[in-house]
2 protein chains.
Amino acid sequence: MKGTLPAATVERLPRYLRCLEMLAPSRVTISSKELARLSNLNAAGVRKDLSYLGSFGMRGVGYHVDELAARIRRTLGMTEDRTVVVIGIGNLGSALANYGGFGNRGFRIVGLYDADPAKVGRKAGGITIRPIERLAKDAETTDIAVGIIATPAKAAQGVAALLSEAGVPSILNFAPTVLNVPDGIHLRQVDVATELQILGFYMAGRNRTGGASHPDDPG
Amino acid sequence: MKGTLPAATVERLPRYLRCLEMLAPSRVTISSKELARLSNLNAAGVRKDLSYLGSFGMRGVGYHVDELAARIRRTLGMTEDRTVVVIGIGNLGSALANYGGFGNRGFRIVGLYDADPAKVGRKAGGITIRPIERLAKDAETTDIAVGIIATPAKAAQGVAALLSEAGVPSILNFAPTVLNVPDGIHLRQVDVATELQILGFYMAGRNRTGGASHPDDPG
DNA sequence: TAGATTGTTAATCGATTAACAATC
DNA sequence: TAGATTGTTAATCGATTAACAATC
């Protein structure tokens, strides 16, 4: 049943979970065919993805919704308590601090940091903003699983280095810049401008590349 | 030289552009090897990607930085003027309205909409918030290239339908839900919770999958 | 000429999906 | 039993990358 999961499978698991959570609570089972329809994916692909989580589907019936959701949550580590810090409390950082969607996914914000003395001491989402200089020391006593970078682009690489040195194993970068991190640090990037530019290609595509269509939206 | 571009290539072009923009202005040329290093990709892959934009590299020298940047911009439609509306002006919507990074990438916010009468009439990023009911009518007179959904999850599917019916060809969805849109509508998804869950897998991976490492972060 | 680097080929790798035996 | 659906195989498809002739 196990080993490692293909990267593409890992990136689809959150989407399956979203679909399961949208089902009526009375719903007991779901087939790969219907889950594929809900998630805009292929039924054979859904079955292959789920097969990495074990062999627990019922032939002729489908998958037990609760069990499937539980297996996805466990695989993604959502049953653990994950600590998060946000660095850079501007518009976006504040939005993240106020976002309620972390808790029910196993993530908990334990610190907000900013380099601007005018912001330090103020609160966002009920948490007091601390000076960025404190991050390294705080990391010694508090385990930090993820650092979210929401600073301006120019500051992002420095913050990434700071987080890496402090032993934070995962970084989610919202700053519009390419980051370099040491081997072994997990990095993901969320970039509005990049997404718009990709959409821009497919829009422009209509008068340049003839039949170019967009791929299934990933994740 | 041309036809359509592989989806994976399109998704890397914004990253190349970011790297080029980080170079010193005095920099005249760059080799595929250095661009690969800066963007954390493979040099052969960089050359293959760029070959879709034409054959303009100089053997023994590299690529002319300005020409390369210009070709990427043109391919992504950044030389055109693209109109954007944002629906849902909460924390995130406000952050988007105030984000300065659109203009220099060819995107211009022409409308903000919200369903909450208390928000209508207020401003964000210098633009007055209009009632969501006005969107369809506004779309008749103003060309809208992209609709950004920043509403709560529950409202997102309805807004997506509204945008599609109004003839908006591209949607960027920030709401934490899976959307279904008609064929031909370009949809991309930005989802913090999903990104965290993917990171969560690789964190948990350390005590489950043995040697599982994360893939190169995409885009 | 010698060194560097492109553009492209071909091999490899990984992801997707149709098909179907197994089985509920 | 008949119908439905899984789990898996094998074919296909697309993406990545090493290698190298072409050439600046």
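Just so it is clear, the structure is predicted and the values come from calculations on it, not from any experiment. Chain letters run A, B, ... following the sequence lines, proteins first, then strands; residues in each count from 1.
- Closest approach of B:Leu35 to B:Val46, counting heavy atoms only: CD2-CG1, 3.9 Å.
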Should B:Thr151 and B:Ile132 be marked as a side chain to side chain contact (heavy atoms under 4.5 Å, CB included) after you check the CA-CA gap, both sets of side-chain angles, and the distance that decides it?
CA-CA 11 Å; B:Thr151 66; B:Ile132 182 68; over 6 Å; no
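- OP1 and OP2 of D:dG7 both lie 4.0 Å or more from every side-chain N or O belonging to A:Ser51.
- Atoms CG (B:Leu41) and P (D:dT17) sit 8 Å apart, rounded to a whole Å.
- The distance between atom CZ of A:Arg12 and atom C1' of C:dT17, rounded to the nearest whole Å, is 11 Å.
- End-to-end axis angle for the helix from C:dG3-D:dC24 to C:dC24-D:dG3, using five pairs per end and rounding to 10°, comes out at 10°.
- Atom pair B:Leu53:CG and C:dT8:C1' shows a separation of 16 Å (rounding to whole Å applied).
- Using a 4.0 Å heavy-atom distance criterion, B:Gly62 is classed as a sugar-phosphate-only contact.
- You'll find that the side chain of B:Tyr63 is closest to C:dG7, out of D:dG7, D:dT16, C:dG7.
- Protein atom OH of B:Tyr52 is 16 Å distant from nucleotide atom C1' of C:dT6, rounded to whole Å.
- A straight line from CD of B:Glu11 to P of D:dG14 spans 15 Å, rounded to a whole angstrom.
- Dashed line: the shortest gap from a side-chain N or O of A:Ser32 to OP1 or OP2 of D:dT6 is under 4.0 Å.
- For the pair A:Ala175 and A:Ala156, the tightest heavy-atom approach, listed with the atom from each and the gap, is CB-CB, 3.5 Å.
- Residue A:Ala8 is the one, among A:Met58 and A:Ala8, whose nearest nucleotide of DNA chain C lies closer to the 5' end (criterion: closest heavy atom).
- In this structure, B:Leu196 and A:Arg105 have side chains that are not in contact, with every pair of non-hydrogen atoms separated by 4.5 Å or more.
- For B:Pro6, whose side chain is taken as the heavy atoms from C-beta onward, the closest listed nucleotide among C:dT16, D:dA15, C:dA10 is D:dA15.
- Judged by distance alone with a 3.5 Å cut-off, no donor-acceptor contact links the side chain of A:Arg59 to the base of D:dT5.
- With sequence neighbours excluded, the residues that form a ring pair (Phe, Tyr, Trp, His ring centres under 6.0 Å) with B:Tyr99 are B:Phe102.
- Formation of a donor-acceptor pair under 3.5 Å by the A:Arg82 side chain with backbone atoms of A:Val146 is not found in this model.
- If you check D:dT8, C:dA15, C:dT17 against the side chain of A:Asn42, the one that comes closest is C:dT17.
- Comparing atom distances between the B:Arg47 side chain and each of C:dA15, D:dA19, C:dA18 picks out D:dA19 as nearest.
- If you find the closest nucleotide of DNA chain C to A:Val61 and to A:Val46, the one lying nearer the 5' end belongs to A:Val46.
- Distances were taken from every side-chain heavy atom of A:Ser55 (C-beta onward) to each of C:dT16, C:dT8, D:dG7; the shortest belongs to D:dG7.
- Taking atom NZ on A:Lys33 and atom P on D:dG3, their separation rounds to 15 Å, with Å as the unit.
- Counting all heavy atoms, side chain and backbone alike, B:Val178 lies closest to B:Gln157 at O-OE1, 4.2 Å.
- Between B:Ile171 and B:Ser164, the closest heavy-atom pair is CD1-OG, 4.1 Å.
- Of the candidates D:dT5, D:dT16, D:dA10, D:dA10 carries the atom nearest the A:Lys48 side chain, counting heavy atoms from C-beta on.
- Rounded to whole angstrom, the span from the CG atom of B:Leu35 across to the P atom of C:dT6 amounts to 10 Å.
- Between the CD atom of B:Glu67 and the C1' atom of C:dT6 there is a distance of 14 Å, given to the nearest Å.
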